[in-house]
Number of protein chains: 2
Amino acid sequence: MIYSIGQLSKETQCKVPTIRYYEEIGLLDKANRSEGNQRQYSSLQCQRLHFIRHSRALGFSLDEIKQLIHLQDCKYDEPHQAHHCEPNALNLAHQIAQEHLVDVRNKIKELKSLEKTLLKMINTCDNTDSTDCEILKSLNTIKAE
Amino acid sequence: MIYSIGQLSKETQCKVPTIRYYEEIGLLDKANRSEGNQRQYSSLQCQRLHFIRHSRALGFSLDEIKQLIHLQDCKYDEPHQAHHCEPNALNLAHQIAQEHLVDVRNKIKELKSLEKTLLKMINTCDNTDSTDCEILKSLNTIKAE
DNA sequence: CTTGAAGCTCTAGTCACTAGAGGTTTTATA
DNA sequence: TATAAAACCTCTAGTGACTAGAGCTTCAAG
């Protein structure tokens with residue numbers, strides 16, 4: 001199966017300019033070109049783009065994804081030979097995921113405290129009586145922690 | 001009280017280049033200059049920067065903050081005269097805050113589902129036996145909802 | 001009076017895309 | 001087979017909210 005960039009876009013829910021962008025920054029290998037210079041993709045490249053999109057949806061940065069792809073290549077390329085990959089590549093994947101989990105949890109915490117502050121602000125403001133509103137006042141004093 | 005940009009920076013915990021940036025985009029009024037062309041700030045401008053930083057800490061965008069500042073000016077400038085401000089400016093502040101609260105809550109929801117997926121991924125991976133790891137595999141298939 | 005910190009402007013970089021101009025190739029229909 | 005529309009191409013520039021650096025000037029302390 002060979003995909004045009006538009007077909008790949010539909011298949012992976014990834015916009016066409018984004019695919020080209022991923023190629024530009026080296027996240028996707030350079031695509032083969034047709035006689036008319038249009039990009040052609042294999043199922044393997046399609047799978048890789050799926051991987052990238054799933055990882056993005058989980059909030060990994062493109063840099064982290066680059067690392068994960070590198071690990072994947074270590075895993076599947078000549079797995080029983082000595083080469084440039086670190087021996088504990090798989091633990092590294094584990095570590096990246098775990099660090100990311102910590103990030104996510106911190107963000108949740110921050111947002112929850114933010115929610116509380118906003119809610120307080122909004123409830124203090126009695127806008128049925130539209131003569132005054134505490135929101136602007138409170139933004140002068142309330143700190144999010 | 002008159003502040004130099006560095007003093008204002010300390011007072012508001014806002015970095016010097018950020019203050020200059022806020023001036024550049026019109027979020028802060030252009031500062032007065034000393035004879036030697038250095039910026040000088042009044043307590044009023046200091047208060048405004050506090051407002052901006054508090055709002056940022058609560059996750060408001062600079063655009064939303066611009067609106068809020070405009071509302072503030074409506075409130076305090078000639079409050080009993082007819083001018084260019086909409087009559088229900090205060091309700092508008094209320095509305096901006098409420099919309100923002102909705103955004104924040106959605107983000108929390110997304111991050112929680114993300115947390116769940118990551119946790120599953122990490123737990124599935126038995127990295128005490130370092131022969132295999134499910135993380136890379138699962139990134140090929142798991143979708144965050 | 002000198003030295004070092006703090007200030008100035010201007011340009012460019014970050015991240016992860018997105019949009020648009022202006023041109024070429026492919027595909028579908030008449 | 002001719003043509004028109006859709007899809008593709010490259011290149012540049014823009015987004016938001018800053019941050020970093022070069023190369024200069026001004027200020028404050030000793």
Side-chain angles (χ1 to χ4, degrees), chain A residues 2-28 30-41 45-46 48-49 51-69 96 100 103-104 107 110 114 144, chain B residues 2-28 30-41 45-46 48-49 51-69 96 100 103-104 107 110 114 144:
Chain A
I2 284 177
Y3 304 85
S4 72
I5 200 169
Q7 289 168 329
L8 187 67
S9 169
K10 256 186 205 151
E11 175 63 34
T12 58
Q13 308 282 48
C14 179
K15 289 186 187 167
V16 167
T18 305
I19 298 175
R20 289 198 275 247
Y21 169 71
Y22 287 163
E23 180 179 314
E24 194 189 313
I25 62 167
L27 197 55
L28 285 174
K30 288 199 176 186
N32 290 335
R33 300 299 181 106
S34 71
E35 281 188 21
N37 196 34
Q38 304 202 342
R39 288 173 178 82
Q40 292 177 322
Y41 296 93
Q45 285 181 296
C46 180
R48 172 139 298 180
L49 187 50
F51 178 94
I52 294 171
R53 296 312 286 178
H54 292 156
S55 305
R56 284 294 295 136
L58 290 174
F60 289 95
S61 72
L62 295 187
D63 245 26
E64 287 170 327
I65 296 172
K66 251 184 211 172
Q67 285 185 67
L68 290 172
I69 285 178
I96 291 172
H100 185 54
D103 281 0
V104 166
K107 246 177 223 154
E110 278 171 34
L114 215 154
Chain B
I2 285 179
Y3 304 85
S4 71
I5 199 168
Q7 289 168 328
L8 187 66
S9 168
K10 256 186 206 150
E11 174 63 33
T12 58
Q13 307 281 49
C14 178
K15 290 187 184 165
V16 168
T18 305
I19 297 175
R20 288 197 277 247
Y21 170 71
Y22 287 163
E23 179 179 313
E24 194 190 315
I25 63 167
L27 197 55
L28 284 175
K30 289 199 175 186
N32 290 335
R33 299 302 181 104
S34 71
E35 280 189 22
N37 196 35
Q38 305 202 343
R39 288 174 179 82
Q40 292 178 322
Y41 297 92
Q45 285 181 296
C46 180
R48 171 138 299 180
L49 186 51
F51 177 93
I52 294 170
R53 295 312 285 177
H54 292 157
S55 305
R56 284 293 297 135
L58 291 174
F60 289 95
S61 72
L62 295 187
D63 246 25
E64 287 170 327
I65 296 171
K66 252 184 210 173
Q67 284 185 68
L68 291 172
I69 285 178
I96 291 172
H100 185 54
D103 281 359
V104 166
K107 246 176 223 154
E110 277 170 36
L114 216 154

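All chains are named by letter (A, B, ...) in the order of the sequence lines, taking the proteins before the strands, and each is independently numbered beginning at 1. None of these values were measured; they are calculated from a predicted model.
In this structure, B:Arg53 atom CZ and D:dA17 atom P are separated by 11 Å, rounded to whole Å. Residue A:Ile5 contributes atom CD1, which lies 12 Å from atom C1' of D:dT10 at whole-angstrom precision. Rounded to a whole Å, the CD atom of B:Gln7 is 8 Å from the P atom of C:dG7. Spacing between atom OH of A:Tyr3 and atom C1' of D:dA7 amounts to 18 Å, rounded to whole angstrom units. Taking atom CZ of residue B:Arg33 and atom P of nucleotide C:dG7, one finds them 12 Å apart after rounding to whole Å. In this structure, the CG atom of B:Asn32 is 16 Å from the P atom of C:dG7, given to the nearest Å. If you take CD of A:Glu64 and P of C:dC15, they are 12 Å apart, rounded to a whole angstrom. In this structure, A:Asp63 atom CG and C:dC17 atom P are separated by 13 Å, rounded to whole Å.
Interface residues of residues 11-27 of chain A facing DNA chain D, ordered by number: A:Arg20; criterion, heavy-atom separation under 4.0 Å.
Here the CZ-CD distance, from A:Arg39 to A:Gln45, works out to 11.0 Å after rounding to the nearest 0.5 Å. To the nearest 0.5 angstrom, B:Ile19 atom CD1 is 5.0 Å from B:Ser9 atom OG. In this structure, OH in B:Tyr41 is found 12.5 Å from CD1 in B:Ile2, a value given to the nearest 0.5 Å. Here B:Leu58 contributes atom CG and A:Leu114 contributes atom CG; the two are 5.0 Å apart, rounded to the nearest 0.5 Å. Remark: B:Gln13 CD to B:Glu11 CD distance equals 8.5 Å, nearest 0.5 Å. Between B:Arg56 atom CZ and B:Ile65 atom CD1 the span is 6.0 Å, to the nearest 0.5 Å.
Annotation: side chain of A:Gln40 is not in contact with side chain of A:Arg33 (no heavy-atom distance under 4.5 Å). For the pair A:Ile52 and A:Leu28, the minimum side-chain heavy-atom distance is below 4.5 Å.
Annotation for A:Lys107: atom NZ does not count as buried by contact number, only 12 or fewer foreign heavy atoms lying within 6.0 Å.
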Next on the checklist: A:His100 vs A:Phe60, test: side chain to side chain contact (heavy atoms under 4.5 Å, CB included). Steps then yes/no.
Outcome noted: CA-CA 7 Å; A:His100 185 54; A:Phe60 289 95; 3.8 Å; yes
Between protein and nucleic acid, restricted to nucleotides 23-29 of chain D and to nitrogen or oxygen atoms under 3.5 Å apart, what atom pairs and distances do you find?
| from | atom 1 | to | atom 2 | distance (Å) |
| --- | --- | --- | --- | --- |
| D:dC27 | OP1 | B:Gly36 | N | 3.3 |

Enumerate the protein-to-nucleotides 1-3 of chain D contacts in which both atoms are nitrogen or oxygen and the separation is below 3.5 Å.
none

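The shortest distance between the side-chain N/O atoms of B:Arg39 and the OP1/OP2 oxygens of C:dG7 is not below 4.0 Å. Remark: A:Ser4 is not in phosphate contact with C:dT26, judged by side-chain N or O atoms under 4.0 Å from OP1 or OP2.
In this model, no donor atom of one side chain and acceptor atom of the other lie less than 3.5 Å apart for B:Tyr22 and B:Arg48.
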